[in-house]
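Data block below; observations after.
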Amino acid sequence: MEKQVETKRQLPNRYIYTVFVVAAIISVCIKDFSTAIIFGGIALAFDPFNQSVPFPQRALWQRLWLLIHCIFVLVLLVLSIMYH
């Protein structure tokens with residue numbers, strides 16, 4: 001009897017994440033902080049790393065990357081409030 005391997009269909013999270021991060025960076029360059037917050041926050045929803053690994057068990061550099069990204073979005077929020 002043959003074993004059927006069932007593969008999950010996964011979204012290309014790394015590509016989607018990259019597109020949203022680039023859009024956020026472009027928005028920052030043109031000083032549109034409100035849009036940058038939106039793109040940066042949505043990018044966090046598309047975790048570019050292996051989602052089956054719990055956050056505390058991920059590599060240190062992956063945790064730092066996501067924390068720095070989150071801090072970046074929070075800084076954008078403060079900048080948006082200050083310049084609005």
Side-chain angles (χ1 to χ4, degrees):
M1 191 149 71
E2 285 183 40
K3 283 188 175 181
Q4 291 183 342
V5 178
E6 189 174 320
T7 58
K8 289 184 185 177
R9 188 169 180 177
Q10 295 180 352
L11 288 173
N13 283 350
R14 288 184 184 177
Y15 302 116
I16 297 171
Y17 176 83
T18 303
V19 167
F20 279 111
V21 168
V22 169
I25 291 170
I26 291 171
S27 296
V28 167
C29 290
I30 61 173
K31 296 187 183 202
D32 186 4
F33 298 119
S34 301
T35 304
I37 293 168
I38 293 168
F39 284 131
I42 292 173
L44 282 170
F46 295 99
D47 186 355
F49 307 115
N50 186 1
Q51 292 95 13
S52 64
V53 178
F55 188 77
Q57 295 175 355
R58 292 184 183 192
L60 178 62
W61 71 272
Q62 291 178 356
R63 289 181 285 165
L64 287 174
W65 180 270
L66 292 173
L67 288 173
I68 289 169
H69 184 136
C70 188
I71 291 169
F72 172 72
V73 172
L74 292 175
V75 166
L76 288 175
L77 179 65
V78 170
L79 288 174
S80 177
I81 292 171
M82 286 175 43
Y83 288 114
H84 207 77

message: Quick check on the hydrophobic clustering: are F39 and V19 connected, directly or via other members, by side-chain heavy-atom contacts under 4.5 Å?
response: no

- line: The side-chain contact (heavy atoms from CB on, under 4.5 Å) partners of P56 (sequence neighbours excluded) come to P54

message: According to a hydrophobic-cluster definition based on side-chain heavy atoms being under 4.5 Å apart (Ile, Leu, Val, Met, Phe, Trp, Tyr only), do I37 and L79 belong together?
response: yes

- prompt: Do other residues, nucleotides or ligands put more than 12 heavy atoms under 6.0 Å from the CZ atom of F55?
  reply: yes

message: side chain to side chain contact (heavy atoms under 4.5 Å, CB included) for N13 and Q51? Distances and angles first, verdict last.
response: CA-CA 10 Å; N13 283 350; Q51 292 95 13; 2.8 Å; yes

Please set out all donor-acceptor pairs under 3.5 angstrom arising from side-chain atoms of residues 63-78, sequence neighbours excluded.
residue	atom	partner	partner atom	Å
R63	NE	R58	O	3.3
W65	NE1	Y17	OH	2.8
H69	ND1	Y17	OH	2.7
H69	NE2	G40	O	2.9

- request: State the CD-CG distance between Q57 and N50, to the nearest 0.5 angstrom.
  value: 11.0 Å

Which side-chain N or O atoms in residues 21-32 pair as donor and acceptor under 3.5 Å with protein atoms at least two apart or in another chain?
residue	atom	partner	partner atom	Å
S27	OG	A23	O	2.9
D32	OD1	T35	OG1	3.3
D32	OD2	T35	OG1	2.7

task: Measure the acute angle between the ring planes of F49 and W61, then classify it against the limits of 30° and 60° as parallel, tilted or perpendicular.
output: perpendicular

